[in-house]
Novice: 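Dropping a structure here in structure tokens format, bear with me for questions.
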Amino acid sequence: MNHQQDDKESPLTIAPADARNLPTQSMYQNRVADYWNAEENPVNLELGKLDDLYHHHYGIGAADRSVLDEPDPVLRRERITAELHRLEHAQAELLAARLGPLSPADRVFDAGCGRGGGSVVANLRYGCHADGVTISAKQAAFANEQARKRGIDGKVRYHHRNMLDTGFETGAYAASWNNESTMYVELELLFAEHARLLRRGGRYVVVTGCYNDTYGRASREVSLINAHYICDIHPRSEYFRAMARNRLVPVHVQDLTADTIPYWELRREAEHLVTGIEDTFLSAYKNGSFQYLMIVADRV
Ligand code: GPP
Ligand code: MG
């Protein structure tokens, strides 16, 4: 299936009826896939290389800023890289801790799995089966290769599919999550798919950047973040509205905004890793227009 060609030849056609086997369903999704197929930011690859846990999310917790004082320039870079990775890993563990308790027989769904770090973290913690879904064929191939190298490819599998229409078995999952991937999709469609996949009593966790309803509409900084990643950040309110409509009942809500600021304060000093979006995130968090949020919900 050649999506590029489809898109050039008939830009106005609707998705074919057999959309389930197609990882993308719209021109927008093709552009998002293009971004992730091309993405090779050192801030993701250099951090991931340290222990072969490739994360595509930000970090939380107090940063050890003494790494900035390291006099040896090579060691300084290495120490900054390792510290940022430690903070990103702490975020992944915070999310994973909320999925359980889970047994090795349980199955979890990682929606928007990127290069696969989150599913590995879940498997290491619970021994569970994991299915990760990404719209990027390149990310899925990379993540599967990582699972193969770890010898967990029998339990952890990555799929080049659309998280809104996975084709996975109804009610087969004990837990599922989105780690900074909801801003690419319509929440109603996303939560309907999670509710379908989760068994009754299953657990859903989302960590996301959302815009703050009390600020008003999306701020300039939120719009800049949208343009940077080709995404569409939702307001906080929309999460709760869409969950309520899709049998997902929040059991825990945590504002992680203050916890993520040290990560960004350190990342902006990492000359070898910056992508240019660092100051925008800091302004967005500090002016109150943007929040870093975790919502944990039960599927009823
Ligand atoms: C980080 O991925 C997350 C996103 C791109 C989604 C947008 C998230 C928001 C909270 C708005 P990444 O790790 O690939 O990004 P970067 O390359 O900047 O580290
Ligand atoms: Mg990153």
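Below, all heavy atoms of this structure are taken into account, side chains as well, without hydrogens, waters or symmetry copies.
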Novice: State, to 0.1 Å, how close Gly61 and Pro262 come at their nearest heavy-atom pair, and which atoms those are.
Specialist: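 Scanning both residues completely, I find the closest heavy atoms to be O-CB, 3.5 Å.
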Novice: Please tell me if the side chains of Arg267 and Ile277 come closer than 4.5 Å, counting only heavy atoms from C-beta onward.
Specialist: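 Yes - at least one pair of side-chain heavy atoms lies under 4.5 Å apart.
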Novice: Has Thr208 got a side-chain atom pairing as donor or acceptor with Cys210's backbone, closer than 3.5 angstrom?
Specialist: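 The answer is no, because no donor-acceptor pair under 3.5 Å joins these two groups.
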Novice: Under 4.5 Å between any side-chain heavy atoms of Asp259 and Met294, yes or no?
Specialist: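 No, every pair of side-chain atoms sits at 4.5 Å or beyond.
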Novice: I would like to know whether Asp131 and Tyr173 meet side chain to side chain donor-acceptor pair (under 3.5 Å); could you show each step before the answer?
Specialist: CA-CA 10 Å; Asp131 286 300; Tyr173 292 82; 2.8 Å; yes
Novice: Taking C-beta and beyond as the side chain, do Lys149 and Asp52 meet within less than 4.5 Å on heavy atoms?
Specialist: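 Counting from C-beta outward, Lys149 and Asp52 never come under 4.5 Å.
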Novice: Only one of Arg76, Arg79, Arg77 clears salt bridge (charged side-chain N to carboxylate O under 4.0 Å, His left out) with Glu70; which?
Specialist: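 Testing Glu70 for a salt bridge (charged side-chain N to carboxylate O under 4.0 Å, His left out) against Arg76, Arg79, Arg77 leaves exactly one candidate, Arg79.
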Novice: So, taking the atom named CZ in Arg199 and the one named CZ in Arg299, what distance separates them when rounded to the nearest 0.5 Å?
Specialist: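 The CZ atom of Arg299 is 11.5 Å from CZ of Arg199, to the nearest 0.5 Å.
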Novice: Would you call the rings of Tyr204 and His194 parallel, tilted or perpendicular, taking 30° and 60° as the class edges?
Specialist: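 Rings of Tyr204 and His194: tilted, 30 to 60°.
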Novice: Is a side-chain donor or acceptor of Thr257 paired with a backbone partner of Tyr292 at a separation under 3.5 angstrom?
Specialist: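 Here the side-chain-to-backbone pair exists.
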Novice: Sequence neighbours left out, what passes side-chain hydrogen bond (donor to acceptor under 3.5 Å, both in side chains) with Tyr58? Give chain and number order.
Specialist: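 If we apply the side-chain hydrogen bond (donor to acceptor under 3.5 Å, both in side chains) test to Tyr58, skipping adjacent residues, the hits are Tyr229.
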Novice: Looking at every non-hydrogen atom in both residues, tell me the closest pair between Ser289 and Ser219 and how far apart they are.
Specialist: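 Heavy atoms only, the tightest pair is OG-OG, 2.7 Å.
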Novice: Between Leu198 and Leu248, is any pair of side-chain heavy atoms under 4.5 Å apart?
Specialist: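 With C-beta onward as the side chain, the pair touches.
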Novice: Quick one: pull up CD in Gln139 and NE2 in His160 and give me the separation to the nearest 0.5 Å.
Specialist: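 If I round to the nearest 0.5 Å, the distance is 9.5 Å.
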Novice: Does the Tyr285 side chain pair with the main chain of Ile261, one donor and one acceptor, at a distance under 3.5 Å?
Specialist: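 Side chain of Tyr285 to backbone of Ile261: no pair is present.
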Novice: Could you go through the side-chain contact (heavy atoms from CB on, under 4.5 Å) check for Ile225 and Phe281 one step at a time?
Specialist: CA-CA 8 Å; Ile225 295 167; Phe281 267 86; 3.8 Å; yes
Novice: Report yes or no: does Arg161 contribute a side-chain atom to a donor-acceptor pair with the main-chain N or O of Thr166 at less than 3.5 Å?
Specialist: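 Answer holds: yes.
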Novice: Examine distances only and state if a side-chain atom of His55 and a backbone atom of Gln91 form a donor-acceptor pair shorter than 3.5 Å.
Specialist: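 Pair absent, no side-chain N/O of His55 close to backbone of Gln91.
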Novice: CD/Gln25 to CG/Leu189 distance, rounded to the nearest 0.5 angstrom?
Specialist: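 Rounded to the nearest 0.5 Å, the CD-CG separation comes to 9.0 Å.
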Novice: Are more than 12 heavy atoms, taken from residues, nucleotides or ligands other than Glu93, located less than 6.0 Å from that residue's CD atom?
Specialist: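 Counting other residues, nucleotides and ligands, CD of Glu93 exceeds 12 neighbours.
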Novice: Is Leu293 linked to Trp177 within one hydrophobic cluster, defined over Ile, Leu, Val, Met, Phe, Trp and Tyr using a side-chain heavy-atom separation of less than 4.5 Å?
Specialist: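 Per the 4.5 Å side-chain linkage, Leu293 and Trp177 are co-clustered.
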Novice: Can you measure from NE2 (His85) to OG1 (Thr81) and round to the nearest 0.5 angstrom?
Specialist: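 Taking NE2 in His85 and OG1 in Thr81, the distance rounds to 10.5 Å.
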Novice: Please state whether the rings of Phe142 and Tyr54 are parallel, tilted or perpendicular, taking 30° and 60° as the class boundaries.
Specialist: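 Because their plane-to-plane angle is over 60°, the rings of Phe142 and Tyr54 count as perpendicular.
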Novice: Give a yes or no on whether Leu273 and Leu45 share a hydrophobic cluster (residues Ile, Leu, Val, Met, Phe, Trp, Tyr; joining criterion: side-chain heavy atoms under 4.5 Å apart).
Specialist: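 The answer is no; the residues belong to distinct hydrophobic clusters.
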Novice: Taking all atoms of both residues into account, what is the closest heavy-atom pair of Gly288 and Tyr215, and its distance?
Specialist: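 For Gly288 and Tyr215, the tightest heavy-atom pair comes out as O-CB, 3.8 Å.
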Novice: Of the options Phe290, Tyr239, Phe240, which is the one that meets His234 in a ring pair (Phe, Tyr, Trp, His ring centres under 6.0 Å)?
Specialist: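 Only one option passes, and that is Tyr239.
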Novice: Is the side chain of Asn144 donor-acceptor paired with the backbone N or O of Asp153 at a distance under 3.5 Å, no angle test?
Specialist: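 Not confirmed, Asn144 side chain does not pair with Asp153 backbone.
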Novice: Could you check Thr275 against Asn41 for side chain to side chain donor-acceptor pair (under 3.5 Å), going step by step and ending with a plain yes or no?
Specialist: CA-CA 7 Å; Thr275 63; Asn41 292 340; 5.5 Å; no
Novice: Do Leu282 and Val222 sit in the same hydrophobic cluster, where Ile, Leu, Val, Met, Phe, Trp and Tyr count as joined when their side-chain heavy atoms come under 4.5 Å apart?
Specialist: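 They do share one cluster, since a chain of ILVMFWY contacts under 4.5 Å joins Leu282 to Val222.
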Novice: Honestly curious: do Val249 and Val205 fall in one hydrophobic cluster under the side-chain, below-4.5 Å linking rule?
Specialist: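 Shared cluster, no.
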Novice: Closest heavy-atom contact between Leu53 and Gly117?
Specialist: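 Smallest heavy-atom distance, with atoms named: CD2-O, 4.0 Å.
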Novice: Applying the salt bridge (charged side-chain N to carboxylate O under 4.0 Å, His left out) test to Asp298, which of Arg200, Arg98, Arg203 qualifies?
Specialist: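 Result: among Arg200, Arg98, Arg203, Arg203 is the only option passing the salt bridge (charged side-chain N to carboxylate O under 4.0 Å, His left out) with Asp298.
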Novice: Can you check whether Met163 reaches Ile135 side chain to side chain, under 4.5 Å on heavy atoms?
Specialist: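 Side-chain contact under 4.5 Å: no.
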Novice: What is the minimum heavy-atom distance between Cys128 and Ala122, and which atoms define it?
Specialist: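 That closest heavy-atom pairing would be SG-O, 3.7 Å.
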Novice: Between Arg157 (side chain) and His129 (backbone), is there a donor-acceptor pair under 3.5 Å?
Specialist: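 Not confirmed, Arg157 side chain does not pair with His129 backbone.
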Novice: Which residues satisfy the salt bridge (charged side-chain N to carboxylate O under 4.0 Å, His left out) test with Glu39, sequence neighbours excluded?
Specialist: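 For Glu39 the salt bridge (charged side-chain N to carboxylate O under 4.0 Å, His left out) partners, ignoring immediate neighbours, are Arg115.
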Novice: Applying side-chain contact (heavy atoms from CB on, under 4.5 Å), name anything that partners Asn123, two or more places apart in sequence or on another chain.
Specialist: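 Checked Asn123 against side-chain contact (heavy atoms from CB on, under 4.5 Å); matches are Ile152, Lys155, Val156.
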Novice: Can you confirm whether Asn287 sits close enough to Glu221 that some side-chain heavy atom of one is under 4.5 Å from a side-chain heavy atom of the other?
Specialist: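 The answer is yes; the side chains approach within 4.5 Å.
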Novice: Where do Tyr184 and Gln29 land on the side chain to side chain donor-acceptor pair (under 3.5 Å) test, with the steps shown first?
Specialist: CA-CA 8 Å; Tyr184 292 99; Gln29 291 174 355; over 6 Å; no
Novice: Rounded to the nearest 0.5 Å, what separates atom CG in Asp106 from atom OH in Tyr126?
Specialist: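 Interatomic distance, Asp106 CG to Tyr126 OH, rounded to 0.5 Å: 10.5 Å.
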Novice: So does Gly276 get a backbone contact from the side chain of Glu278, meaning a donor-acceptor N/O pair under 3.5 Å?
Specialist: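 Yes, the answer is positive, given that a donor and an acceptor are paired below the 3.5 Å cut-off.
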Novice: Using a cut-off of 6.0 Å, state whether more than 12 heavy atoms not belonging to Arg220 lie near its atom CZ.
Specialist: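 Count not over threshold, so no.
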Novice: Hey, are the side chains of Glu83 and Leu266 touching, using non-hydrogen atoms and a 4.5 Å cut-off?
Specialist: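 Glu83 reaches Leu266 side chain to side chain.
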Novice: Flag yes if Leu75 and Leu68 sit in one hydrophobic cluster, no otherwise; membership is Ile, Leu, Val, Met, Phe, Trp, Tyr, and two members link when side-chain heavy atoms are under 4.5 Å apart.
Specialist: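 No.
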Novice: Is it the case that the side chain of Thr260 and the backbone of Gly59 share a donor-acceptor pair, with hydrogens and angles ignored and the cut-off at 3.5 Å?
Specialist: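 Flag set: sc Thr260 to bb Gly59 pair under 3.5 Å.
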Novice: Between CG of Leu164 and CD of Glu186, what distance do you get to the nearest 0.5 Å?
Specialist: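 Leu164 CG to Glu186 CD: 6.0 Å, rounded to 0.5 Å.
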Novice: Looking only at heavy atoms, what is the nearest atom pair of Asp110 and Ser119, with distance?
Specialist: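 Minimum heavy-atom contact is OD2-OG, 2.8 Å.
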Novice: Counting N and O atoms only, with roles assigned by atom type, does the side chain of Asn178 sit under 3.5 Å from a partner on the main chain of Val206, one being a donor and the other an acceptor?
Specialist: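 Side chain of Asn178 to backbone of Val206: no pair is present.
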